Amino acid sequence: ADGSYQVTVTGSDLVGNNYSGTDSLTIIIDNTVPTLLTIEDSDSDNLLNANDTVVVTATFSEAMTATPTFKSAITNWAMSQTSSPAVWTTTLDVNAYPFVDGTSYPFVFNGTDLAGNGYNNTTNSVTFVMDFTSPTVALTDSDADNFVSSADTVKVTATFSEGMQATPTILLLGGGLPAQEMTATSSSAIWEYDLSFSGLSDGSYTATVSGLDIAGNPYSSNTSVTFT
């Protein structure tokens, strides 16, 4: 059974003198497979864009031999030991490998403890979803014809093709103000802003929006709405 065992010897020499020393050898029996206690990574949502770099840390139940691996359908990564032989880390650089947009990749861990017991449990894993696609947007507003006066305030609604990070901004070109943060609705894909035309002179003004989706891809199109 697992445990620590001490080996000693007895005997006598050819003239009958007994060995009287206390030398011994301790042998530790370890037949227990290590477990993976925790998996941590530096990305908050595991939704990755093409430029993301993620640090993954695996904490095992005991010291491991060099080196455990972190693997997916794409390739295997050799992990690096931290200050503890039970804690190992590696860096995933999305741009360096042929990951496919819109695909989920489970990553599992393999390794061997100091006694040679292998860890190969595919149920303990971390999954990253690749999102390399920039969001699109549709802009609508509360004014019927987009002819406005300086007394008007118009609600502009930006409906993105996916959830967005907080917060998208709106910019009224020629309005003399910096980009303003939009307000969240019950959907992370829909954002609103009450656009005031107070103090503006006659002319045409174009409202544009910008923002990042959850994976960090920027909205980069030129969709806009023009008020006169």
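Small disclaimer: the values here were computed from a predicted structure and weren't measured.
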Visitor: Please give me the minimum heavy-atom distance between Gln180 and Pro178, naming the atom from each residue.
Guide: NE2-O, 2.9 Å
Visitor: Please verify the inter-ring angle class for Trp77 with Phe107; under 30° counts as parallel, over 60° as perpendicular, anything in between as tilted.
Guide: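 Trp77 vs Phe107 ring planes: tilted.
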Visitor: Write down the atom of Asp131, the atom of Asn217, and the distance for their closest heavy-atom approach.
Guide: O-ND2, 2.8 Å
Visitor: Report the distance from atom CG of Asn95 to atom CZ of Phe132, rounding to the nearest 0.5 Å.
Guide: 8.0 Å
Visitor: More than 12 non-hydrogen atoms from neighbouring residues, nucleotides or ligands closer than 6.0 Å to CG on Asn17, yes or no?
Guide: yes
Visitor: Ring centres of Phe109 and Phe70 under 6.0 Å apart?
Guide: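 Yes, ring centres under 6.0 Å apart.
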Visitor: Please check if the distance between the ring centroids of Tyr105 and Phe128 is under 6.0 Å.
Guide: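 Between Tyr105 and Phe128, the centre distance exceeds or equals 6.0 Å.
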Visitor: Considering non-hydrogen atoms only, spot the tightest contact between Thr208 and Ser224 and give its length.
Guide: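 Scanning both residues, the minimum pair turns out to be CG2-CB, 3.8 Å.
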Visitor: Using 0.5 Å steps for rounding, measure from the CE atom of Met130 to the CG atom of Leu47.
Guide: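 One finds 9.5 Å between CE of Met130 and CG of Leu47.
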Visitor: Asp52 and Leu48: which non-hydrogen atoms are nearest, and at how many Å?
Guide: OD2-CA, 3.2 Å
Visitor: For the CD1 atom on Ile28, are there more than 12 heavy atoms of other groups (residues, nucleotides or ligands in this structure) within a distance under 6.0 Å?
Guide: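 Check fails, neighbour count at 12 or below.
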Visitor: List the atom of Pro34, the atom of Tyr119, and the distance in Å for their closest heavy-atom pair.
Guide: O-CD1, 3.1 Å
Visitor: Could you tell me whether Phe147 atom CZ has more than 12 heavy atoms of other residues or ligands within 6.0 Å of it?
Guide: no
